[in-house]
2 protein chains.
Amino acid sequence: MAGSIQSLERAAAILRLLAGGERRLALSDVANALGLAKGTAHGILRTLQQEGFVEQDKDSGKYQLGAELLRLGQSYLDVHELRARALVWADDLARASGETVYLGVLHQRGVLIVHHVFRPDDTRQVLEVGSMQPLHSAALGKVLTAFDPVARAELMESEREAFTPHTVTGLDAIDAEAAVVRERGWAQAVEETWTGVASIAALIQDRRRNPVGAVALNGPVERVCTTEPNGTAGPVRPELVVSVREAARAISRDLGAPRF
Amino acid sequence: MAGSIQSLERAAAILRLLAGGERRLALSDVANALGLAKGTAHGILRTLQQEGFVEQDKDSGKYQLGAELLRLGQSYLDVHELRARALVWADDLARASGETVYLGVLHQRGVLIVHHVFRPDDTRQVLEVGSMQPLHSAALGKVLTAFDPVARAELMESEREAFTPHTVTGLDAIDAEAAVVRERGWAQAVEETWTGVASIAALIQDRRRNPVGAVALNGPVERVCTTEPNGTAGPVRPELVVSVREAARAISRDLGAPRF
DNA sequence: GAGCAGCGTCGACATTGTCGAACGACGTTT
DNA sequence: AAACGTCGTTCGACAATGTCGACGCTGCTC
């Protein structure tokens, strides 16, 4: 039996559907979307509900994700070794630079944020742990595609959306930039995913030098990039690059990576 | 077929096992713990891994929770209506009181934290969204047990651990306090779960006055409670109670609860 | 180098999930 | 107000599917 369990695959598909879709979905919506008989979909949903992965609105009868997922997601973070080691260094990086810091790992066709340090000022910010960033247009993603063959393969298969006029979507251009990233050891993305935002990222590797994640610094272009004499944005500030790379090296060292 | 799907139940049990247990579990550990044949456990784990709910360490072959759970947990929060409505009010409450604010919902035998506003000072704090608090010894839990029959039933069946010398574990005492909570409309817990910490909570209800969650304020006894002339801690400060109740009322109103 | 312990695979069996139709409740329409 | 349509849920029969235990295989330890 080299195959996988059908009912589990379907249950996972239902969960993903509920996660991606609108607020709540009716039974028939679920059944239709996945091409299942109503009875079948209902059986799976009933079990998922019993286990807490799905909740049902008593009035409308519609289904939505359940609380158990939040609890298990938290448990995932608790166990995550990379995250545990990186907490302190990410904090330091945010404090030293005054900017937002993200820690991400490759997950499917994107970068999953596993840690997020707020910019150390009082402005209101929303926690983005658990959300995804694109592989092709964010600094975190660029680092991972440059160093992780799996990430590159995923990127090649996925659709590359142009979020801003600066987004690079051509495969050749992406590969060329990846070569540069590998060469110099860090990546940047200036207004390629969010207008006005620039980011710098560096690779984190484990004791066997496998790429396991990346750390990034995000901030407004005005602060992250230098300003050319003519007033336009120039290259990113070298001292920030140094800070990010040092943070990545420190985390890698904590994970047991050889010291070079 | 009124029963539930066996393979799904087992998969859920495996996920909970991985969440509760040590960092990583070997295949045989999982199979033994659940009384499954190795082949069966392997099939389920393989599927869960394929779907991203479980990851396998390449070296040791051991299994741990997967990143997809974090992503889905985040989606749960995104969809959560109570949380969305409460964000602003919780923030206000924290700002006005200067203390930590929690938002919790009943989940299984405890209170699941779905939102957490840090105390507005610079001390380091860890986000507790996704973690659980006990029903019998935290203010959030007391409110829910007092107003939600399901919560009370869960509490009766569960083991009531005494976290501190102040924890009340007797069923009669708990029911008596629940009556008081229902009467006055709010709950307190002074050093019943964590020593040195006092909390005040009030109920949130939806448009049909069903209890859907609770909001709580947590802080050190010295700031949350009044001080008796002899120096010991007295009752909680009335003005904080007013703030918490107002926040709960505001959130309930946003959810469509009748204005009395 | 032999032993051991662990993961992964395979094939037979029957248990178990799947399907489609029918039921009952609810809300809307004619 | 009655008839219709829609939706969630239940049911029973069928066979597809997951389960089981034994067997390789690899990588450690002694």
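Below, read A as the first sequence line, B as the second, and so on, with proteins coming before strands; counting in each chain starts at 1.
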Visitor: Within this structure, what is the CZ-to-P distance between Arg10(B) and dT19(D), rounded to whole angstrom?
Guide: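 One finds 5 Å between P of dT19(D) and CZ of Arg10(B), rounded.
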Visitor: Can you check the Asp57(A) CG to dT9(D) P distance for me, whole Å?
Guide: 12 Å
Visitor: Only pairs under 3.5 Å count here: list side-chain donor-acceptor contacts from residues 141-153 of chain A, not counting sequence neighbours, and write none if there are none.
Guide:
| from | atom 1 | to | atom 2 | distance (Å) |
| --- | --- | --- | --- | --- |
| Lys142(A) | NZ | Glu177(A) | OE1 | 3.4 |
| Lys142(A) | NZ | Glu177(A) | OE2 | 2.8 |
| Lys142(A) | NZ | Gln188(A) | O | 3.0 |
| Lys142(A) | NZ | Glu192(A) | OE1 | 3.1 |
| Lys142(A) | NZ | Glu192(A) | OE2 | 2.7 |
| Thr145(A) | OG1 | Gly141(A) | O | 2.7 |
| Thr145(A) | OG1 | Lys142(A) | O | 2.9 |
| Asp148(A) | OD1 | Val150(A) | N | 2.9 |
| Arg152(A) | NE | Asp175(A) | OD1 | 3.0 |
| Arg152(A) | NH2 | Asp175(A) | OD2 | 2.8 |

Visitor: Please list, one pair per line, the donor and acceptor atoms closer than 3.5 Å that link side chains of residues 131-138 of chain B to other protein atoms, with sequence neighbours excluded.
Guide:
| from | atom 1 | to | atom 2 | distance (Å) |
| --- | --- | --- | --- | --- |
| Ser131(B) | OG | Glu128(B) | O | 2.6 |
| His136(B) | NE2 | Glu161(B) | O | 2.7 |
| Ser137(B) | OG | Thr193(B) | OG1 | 2.8 |

Visitor: For residues Gln205(A) and Ser252(A), is any side-chain donor paired with an opposing acceptor at under 3.5 Å?
Guide: no
Visitor: Could you run down nucleotides 3-8 of chain C 5' to 3' and tag each one B, S or - for protein heavy-atom contact under 4.0 Å?
Guide: ---SBS
Visitor: Which side-chain N or O atoms in residues 68-82 of chain B pair as donor and acceptor under 3.5 Å with protein atoms at least two apart or in another chain?
Guide:
| from | atom 1 | to | atom 2 | distance (Å) |
| --- | --- | --- | --- | --- |
| Glu68(B) | OE1 | His107(A) | NE2 | 2.6 |
| Glu68(B) | OE1 | Gln108(A) | NE2 | 3.2 |
| Glu68(B) | OE1 | Arg71(B) | NE | 3.3 |
| Glu68(B) | OE2 | Arg71(B) | NH2 | 2.8 |
| Ser75(B) | OG | Arg71(B) | O | 3.2 |
| Tyr76(B) | OH | His80(B) | NE2 | 3.2 |
| His80(B) | ND1 | Arg83(B) | N | 3.2 |
| Glu81(B) | OE2 | Arg85(B) | NH2 | 3.2 |

Visitor: Please collect all side chain to side chain donor-acceptor pair (under 3.5 Å) contacts where either partner lies in residues 24-39 of chain B, sequence neighbours excluded, each pair once.
Guide: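 Only Arg24(B)-Gln64(B) qualify under side chain to side chain donor-acceptor pair (under 3.5 Å).
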Visitor: Could you check Gln49(A) against Ser7(A) and say which one's nearest nucleotide on DNA chain D is further toward the 5' end?
Guide: Gln49(A)
Visitor: Quick check on Arg208(B): does its CZ atom have over 12 non-hydrogen neighbours (other residues, nucleotides or ligands) under 6.0 Å away?
Guide: no
Visitor: Send over the distance from Ile14(A) CD1 to dT18(C) C1', rounded to a whole Å.
Guide: 13 Å
Visitor: Using the salt bridge (charged side-chain N to carboxylate O under 4.0 Å, His left out) criterion, which residues pair with Glu157(B)? Sequence neighbours excluded.
Guide: Arg109(B)
Visitor: Just how far, in rounded Å, is C1' of dC7(D) from CG of Leu45(A)?
Guide: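 Distance, rounded to whole Å: 14 Å.
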Visitor: Does dC20(D) have OP1 or OP2 under 4.0 Å away from a side-chain N or O of Thr40(B)?
Guide: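 True: Thr40(B) side-chain N/O within range (under 4.0 Å) of dC20(D) OP1/OP2.
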Visitor: To the side chain of Ala37(B), which of dG17(C), dC20(D), dC19(C) is closest?
Guide: dC20(D)
Visitor: Ile44(B) has an atom CD1; how far is it from atom P of dT17(D), in whole Å?
Guide: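 Atom CD1 in Ile44(B) sits about 17 Å away from atom P in dT17(D).
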Visitor: Can you tell me how far P of dT16(C) sits from CG of Leu36(B), to the nearest Å?
Guide: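 The distance from CG of Leu36(B) to P of dT16(C) comes to 12 Å, rounded to the nearest Å.
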Visitor: Rounded to the nearest Å, what distance is computed from the CD atom of residue Gln6(A) to the P atom of nucleotide dT19(D)?
Guide: 12 Å
Visitor: In this structure, how many angstroms lie between the P atom of dT17(D) and the CD atom of Glu9(A), rounded?
Guide: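 So the CD-P distance, Glu9(A) to dT17(D), works out to 11 Å.
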